[in-house]
Amino acid sequence: MSDALSQRVSLSPQVLFQALDGEAVLLDLDSEQYFGLDEVGTRIWQLLQDSANLDTAYQTLLTEYDISAAQLRSDLLNFVGNLNEAGLITVSDGDHPEKPDH
């Protein structure tokens, strides 16, 4: 099994992102649900847009925040898991994406 940080994340095209004073609001057009992100969640979302995999985002966050590597890894994987469960992203391990239930 590969390392969780090697997974790729794809943002759903059905999610609108709007940054507001360092925080953000996500609107899932499929479910018509809003999701609020704090400053750190907003930064992670932005990095996921541009990162080849979770490790790239992880390495950037490690330099930007005063947090232990273990805590960041746990927090990042939990956050990504929550986004995946909400159908806001898809996570793939190589060529096998996990599709959100919609």
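Here, residue 1 is the first one in the sequence, and each next residue gets the next number. Computed from a prediction, not measured in an experiment: that's the story for all the values here. Just so it is clear, the values below take in all heavy atoms, side chains as well, and ignore hydrogens, waters and symmetry mates.
Distance check, rounded to the nearest 0.5 Å: CG of Asp75 to CD1 of Ile44 gives 7.5 Å. Atom CZ in Arg43 sits 6.5 Å away from atom OG1 in Thr60 (nearest 0.5 Å). With rounding to the nearest 0.5 Å, the separation of CD1 in Ile89 from CD in Gln49 is 12.0 Å. Within the model, atoms CD of Gln46 and CG of Leu11 stand 11.0 Å from one another, a figure rounded to the nearest 0.5 Å. A distance of 10.0 Å separates OH of Tyr65 from CG of Leu72, quoted to the nearest 0.5 Å. Put simply, CG on Leu16 and CG on Leu26 are 9.0 Å apart, with the number rounded to the nearest 0.5 Å.
No donor-acceptor pair closer than 3.5 Å links the side chain of Ser74 to the backbone N or O of Gln71. Judged by distance alone, the side chain of Tyr58 and the main-chain N or O of Asn53 form no donor-acceptor pair under 3.5 Å. Although no hydrogens or angles enter the test, the distance criterion places no donor-acceptor pair under 3.5 Å between the side chain of Ser51 and the main chain of Thr56.
Considering only heavy atoms from C-beta on, Leu88 stays 4.5 Å or farther from Phe17 through its side chain.
The two atoms that bring Asp93 and Ser6 nearest to each other are OD1-OG, 4.1 Å, heavy atoms only. Residues Asp28 and Ser31 approach most closely at OD2-OG, 3.2 Å, considering heavy atoms. In plain terms, the two heavy atoms of Asp3 and Arg73 that are nearest each other are OD1-NH2, 3.0 Å. Of all heavy-atom pairs spanning Leu54 and Leu76, the tightest one is O-CD2, 4.0 Å.
When hydrophobic clusters are built by joining Ile, Leu, Val, Met, Phe, Trp and Tyr residues whose side-chain heavy atoms come closer than 4.5 Å, directly or via intermediates, Val91 is grouped together with Phe35. Criterion: ILVMFWY side-chain heavy atoms under 4.5 Å apart, direct or through other members. Under it, Leu48 and Leu5 are part of a common hydrophobic cluster. Hydrophobic cluster membership is shared by Leu61 and Val80, with clusters built from Ile, Leu, Val, Met, Phe, Trp and Tyr side chains linked at under 4.5 angstrom. Hydrophobic clustering of Ile, Leu, Val, Met, Phe, Trp and Tyr side chains at less than 4.5 Å, counting indirect connections, unites Leu29 with Tyr34. Placement of Val9 and Phe79 within a single hydrophobic cluster is found when ILVMFWY residues are connected by side-chain heavy-atom separations under 4.5 Å, directly or transitively.
More than 12 heavy atoms of other residues, nucleotides or ligands lie within 6.0 Å of CD in Glu23, so this atom counts as buried by the packing criterion. The number of heavy-atom neighbours closer than 6.0 Å to CG of Asn78, taken from other residues, nucleotides and ligands shown, is above 12.
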